[in-house]
Each structure stands twice: as C-alpha cells, then as structure tokens.
Protein chains: 2
Amino acid sequence: MTVEVLAHIADPNAKPAGRIRQKNEQAIIKAAEDEFAKHGFKGTSMNTIAQSVGLPKANLHYYFSNKLGLYQAVLVNILELWDNSFNTVSVEDDPAAAIARYIRAKMEFSRRHPKASRIYAMEVISGGEHLSQMLDQDYQAWFRGRAAVFAAWSAAGKMDPVDPAHLIFLIWSGTQHYADFASQICRVTGRSRLVKADYEEATEQLITIILKGCGLTPPAKDA
Amino acid sequence: MTVEVLAHIADPNAKPAGRIRQKNEQAIIKAAEDEFAKHGFKGTSMNTIAQSVGLPKANLHYYFSNKLGLYQAVLVNILELWDNSFNTVSVEDDPAAAIARYIRAKMEFSRRHPKASRIYAMEVISGGEHLSQMLDQDYQAWFRGRAAVFAAWSAAGKMDPVDPAHLIFLIWSGTQHYADFASQICRVTGRSRLVKADYEEATEQLITIILKGCGLTPPAKDA
DNA sequence: GTCTATAATAGGATAGAC
DNA sequence: GTCTATCCTATTATAGAC
C-alpha cells in the first residue's frame, strides 16, 4: 500500500515541520490515540486529549486544523506502522513458511500496537468512511494480488484448495482479536493483562491450527 | 449464562410494562442499536436516537432513566439474543459435529444480528466496563467449563491437543469478523454488501479449516 | 509559538403544561 | 402518557493578547 503519498490528506494546510512542531504534533497524536482507541472518533473530545498532553486545547487547533484532521493524522500514523512483509510474498515462496511468518507478524503487531489495532477496528466497525479516502482503490488491488498467491499455491497442489479471501480473513481476525478483544480475553481467562508469553502461545496455536487446516506442515524451525 | 436475572440492571426503577410502554421502549431500543453500533456509547447522542424514532428526546428520558440506562437495556437485549446451544455440549458429544454446529450458530448470529455483534465489539474494545456488571463471575466459570470439554476431547485422543482457549478465541474472532468488519470485507472484495451466500461460503470454509486444523474430520452431512 | 478568554453549538437532563 | 421549553454543562472552534 502506498501510504507516503497520502500523508497530505491528514492536513492539507500542513506547515513546514519545525523541531518544536514535530515534537508537539507527535505528543498530541500519541495522546489522541489513547482516546480514539477507547471511544472512537465521535466519542473522543479534544478537551480530554488536551488535558492528557498537558496542553491548552487551543494548541491542538494550532497544530491540527480540526478534530477530523487530528484523527486522520492518527490514522495515517497507523497505516505507516503496518507490516509490509506480506506484500513481497510470491508464488515461488514456501506456503507454510510464508503463512507462518505472516501470522507471526500480525500477532506481533497486535502485541506491540494494540491501540492502533483498536482504532482501526473501531473505524471499520463504524463504517470505515474515514479510511475510504485513504486506501480505496489500491487496497482492493492489493488484496486481490495477495489472494492470487494463495490461489496459485492451491492450484499447484502445494496446499488445500481453501478460498484465499476467507483464509486471509481468518488470519486477520484471529490475530487482531488479541489486541481488540484483550479486555474480554482477560476477563474469561482471569488475567489482569496479556503478557508476551500469552501472545507467543497464541501465535504458535494459531500457526498450528491454520497451517494444518490448509493441509500444510509447519516449517521445522523459524528462521 | 443467566441473563434473565440481570434484567433489572438495565433499569432499576422500571415501571410495570403497559402496552404502549412496551411498544415505545422497543422502538427506542431498536433506534438506539443503530447509533450505538456506529458510534459506541460515548459517541452516541440521545438527540440523534430521538430523531431516528421520531420522538422528542424528553420521551427517551421518560422510558429510560438516562443514556446509560438505555445503553444497558440495549446490552441486555443483545445478551438475550445469544445462542446457547454451545452450553449443553458435553464430553460425550462428537467433537467435529459439535464444533461445526457452534461455528454455524456463531456465523448465523453474525449474519442475522450484525449490529448486536458490533455493539458488543465496540463495548469490549472500549474496555468492557459496562459489561462487567452484567456477566463477570459466571462468565469466567462458563468459559472454563466450555474449555474443559475441549480439553477432555483432546485428552481422550478424539482431537489434537490444541489449547482450548485459543481455539475458542479463533472460532469467536473468525465468525464475528463477518459482522464487525463487514465494511472492510466489502471494500477489499468489491461487494456492496454481504449476502446469505457469502455467509454460507464463509461458514463452510471456516468449518473446513478449523476442523482439519484440530485433527478432526468433518461430519458427513449436517443434521 | 503559546495561551487565556470566549463565542457558538450540541449534549444530557428536567420542569411543567397539556 | 406526551411534548414544549428550558437549564446547565460539555464541546468544537476561534480571536486576540502575550
């Protein structure tokens, strides 16, 4: 996905970035992520963000044209975090190794950036209107390209003939769940929070089930 | 899960239900679901709900003590919709048939009640504080009981020794995804909306992958 | 660049006429 | 039971002093 090109969407009248500006913008965005992750776009107030950064709310409007501009900056920030290793997977690669690596990368993202995952989830649940401006056309093309790789593997008899789209959705949902639904996982398992070991265990279980489910044998050891 | 007992939480000063009251309350709840599913608790305004029902907003406060009371009524409504067939699954049952049936039930819920699923998802992503009052203690016990059934199947050699909790999370996330992330599925696949056939295809794919992933053979035909 | 003060509006909630 | 009018607070956003 080409994300750099879209940075201007976040703030059309963006001023040249001085040192102070860059630092403050990042601080505001970081605080904004906390709120957006908990309450979504509509449910978040500039006031709360301002208090969280320790800045008067007028400053937020100095750095970002308005609430929507700040939100879009946060979204762009998230899209830039996304792991792109899956983009380069090709038909020549080993399916089992490639899928295992992708699951690992997605789960690592859930562990390291749970708030980013939640903001994205809330945005999609809300209809994803703010995202459509950012990734409409080439996102669909990207998805088709990735699905084609799975289809080619199946056609070559390297894996079961599973529907590529549904397999990708299963990988997405299964990994994102550990970020988005962490509060529920904690509740039903009696944990206070998820630690690294929990994510590692989940990763191995997901890889085991999904690879076998596609008729694949897990790679002997991860590289 | 014992849900009926908790109905009083939704509105402690609930008045006896007359015909008009019951009808209006349902109309309000229905309209509220639309908004809560799109914007979560904080992001939803009573005003918007009132306009959607075609009632002055003072009426909403007549029927529900306040915004929180209305939200909790919506949540209770959702919990009552939940499929309970999984509760009665026991060690004696056939794992493949039971898991396939559960996936089918969960996916059917996503198809028939996508808004309920989204409200629940938003609530969990937001931290799930409003849910904890409703199902804290026995929810954990319920989960442990269900996980124990999977563990017993594994111990009896009826299926692979997968971690029950992670398997359940995979079933939950994989099925709920088609409700919560429908907007994204539509975007990447170029659909305008998901139809029954899409859900049926997804159901079969999920059952195929997950059953095989657990070392199970799909039941010949569904009952 | 930063902040106080303030405008303008939307939000939740209630009083009280009907 | 129903609705208008209203209160008060929170919210987005801006003006303008420093």
Side-chain angles (χ1 to χ4, degrees), chain A residues 10-75 122 126 129-130, chain B residues 10-75 122 126 129-130:
Chain A
D11 201 339
N13 349 338
K15 295 159 184 83
R19 271 167 289 282
I20 325 112
R21 165 171 287 270
Q22 210 161 2
K23 186 190 132 206
N24 278 341
E25 280 183 354
Q26 280 310 310
I28 293 169
I29 286 181
K30 196 179 171 184
E33 281 174 351
D34 290 349
E35 283 305 304
F36 285 132
K38 257 189 101 69
H39 303 296
F41 174 65
K42 271 206 73 182
T44 292
S45 91
M46 297 290 270
N47 204 350
T48 314
I49 297 173
Q51 285 179 310
S52 166
V53 215
L55 247 48
K57 62 177 170 177
N59 276 28
L60 273 61
H61 284 95
Y62 174 72
Y63 288 113
F64 300 92
S65 46
N66 51 26
K67 186 179 164 183
L68 181 61
L70 172 54
Y71 183 61
Q72 286 175 322
V74 167
L75 286 182
M122 282 221 157
S126 303
E129 289 166 36
H130 300 104
Chain B
D11 201 339
N13 347 337
K15 294 156 185 88
R19 271 167 290 280
I20 324 112
R21 164 171 288 268
Q22 209 161 2
K23 185 188 132 210
N24 280 339
E25 279 182 355
Q26 281 308 311
I28 294 168
I29 286 181
K30 196 178 171 184
E33 281 174 351
D34 290 349
E35 283 303 304
F36 286 133
K38 257 188 101 73
H39 303 296
F41 175 65
K42 269 207 72 181
T44 292
S45 90
M46 297 289 273
N47 206 346
T48 313
I49 297 172
Q51 284 179 312
S52 166
V53 214
L55 248 48
K57 63 176 170 175
N59 275 27
L60 273 60
H61 284 97
Y62 174 72
Y63 288 112
F64 299 92
S65 45
N66 51 28
K67 186 180 166 184
L68 182 61
L70 172 54
Y71 183 62
Q72 286 175 322
V74 168
L75 286 183
M122 283 221 160
S126 303
E129 289 165 36
H130 300 104

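Each chain gets a letter, A, B and so on, in the order its sequence line appears, and its residues count up from 1. Quick caveat: nothing in here was measured; it's all calculated off a predicted structure.
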Heteroatom pairs (N/O) under 3.5 angstrom, protein to nucleotides 16-18 of chain D:
none

For a quick test of reading the model, state the closest non-hydrogen atom pair linking [X] to [Y] and the distance between them.
{"X": "Ala73(B)", "Y": "Phe64(B)", "result": "CB-CE2, 3.7 Å"}
{"X": "Val53(B)", "Y": "Ala31(B)", "result": "CG2-CB, 3.7 Å"}
{"X": "Lys67(B)", "Y": "Thr44(B)", "result": "NZ-O, 2.7 Å"}
{"X": "Met122(B)", "Y": "Gly40(B)", "result": "SD-N, 3.4 Å"}
{"X": "His130(A)", "Y": "Phe41(A)", "result": "CE1-CD2, 3.8 Å"}
{"X": "Tyr63(A)", "Y": "Ile20(A)", "result": "OH-O, 4.4 Å"}

Output the rounded distance in Å from [atom1] ([X]) to [atom2] ([N]).
{"X": "Gln51(A)", "N": "dC3(C)", "atom1": "CD", "atom2": "P", "answer": "15 Å"}
{"X": "Asn59(B)", "N": "dG1(D)", "atom1": "CG", "atom2": "C1'", "answer": "8 Å"}
{"X": "Lys23(A)", "N": "dT2(C)", "atom1": "NZ", "atom2": "C1'", "answer": "13 Å"}
{"X": "Leu60(B)", "N": "dT2(D)", "atom1": "CG", "atom2": "P", "answer": "12 Å"}

Please list each protein N or O that sits under 3.5 Å from an N or O in nucleotides 9-13 of chain D, with the distance.
{"residue": "dT12(D)", "atom": "OP1", "partner": "Thr44(A)", "partner atom": "O", "Å": "3.1"}
{"residue": "dT12(D)", "atom": "OP1", "partner": "Met46(A)", "partner atom": "N", "Å": "3.4"}
{"residue": "dT12(D)", "atom": "OP1", "partner": "Lys67(A)", "partner atom": "NZ", "Å": "3.3"}
{"residue": "dT12(D)", "atom": "OP2", "partner": "Met46(A)", "partner atom": "N", "Å": "2.9"}
{"residue": "dT12(D)", "atom": "O4", "partner": "Lys57(A)", "partner atom": "NZ", "Å": "3.1"}
{"residue": "dA13(D)", "atom": "OP2", "partner": "His61(A)", "partner atom": "NE2", "Å": "3.4"}
{"residue": "dA13(D)", "atom": "OP2", "partner": "Lys67(A)", "partner atom": "N", "Å": "3.0"}

Looking only at the side chain of Asn24(B) (C-beta and beyond, no hydrogens), which of the listed nucleotides dT2(C), dG1(D), dT2(D) gets closest?
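Of the candidates, dT2(D) comes closest.
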Salt-bridged, Glu35(A) to Lys42(B), with N to O below 4.0 Å?
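Result for this pair is no, no salt bridge flagged.
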How about Met46(B) and Leu70(B): do any of their side-chain heavy atoms sit closer than 4.5 Å?
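A side-chain contact exists here, since the closest heavy-atom pair is under 4.5 Å.
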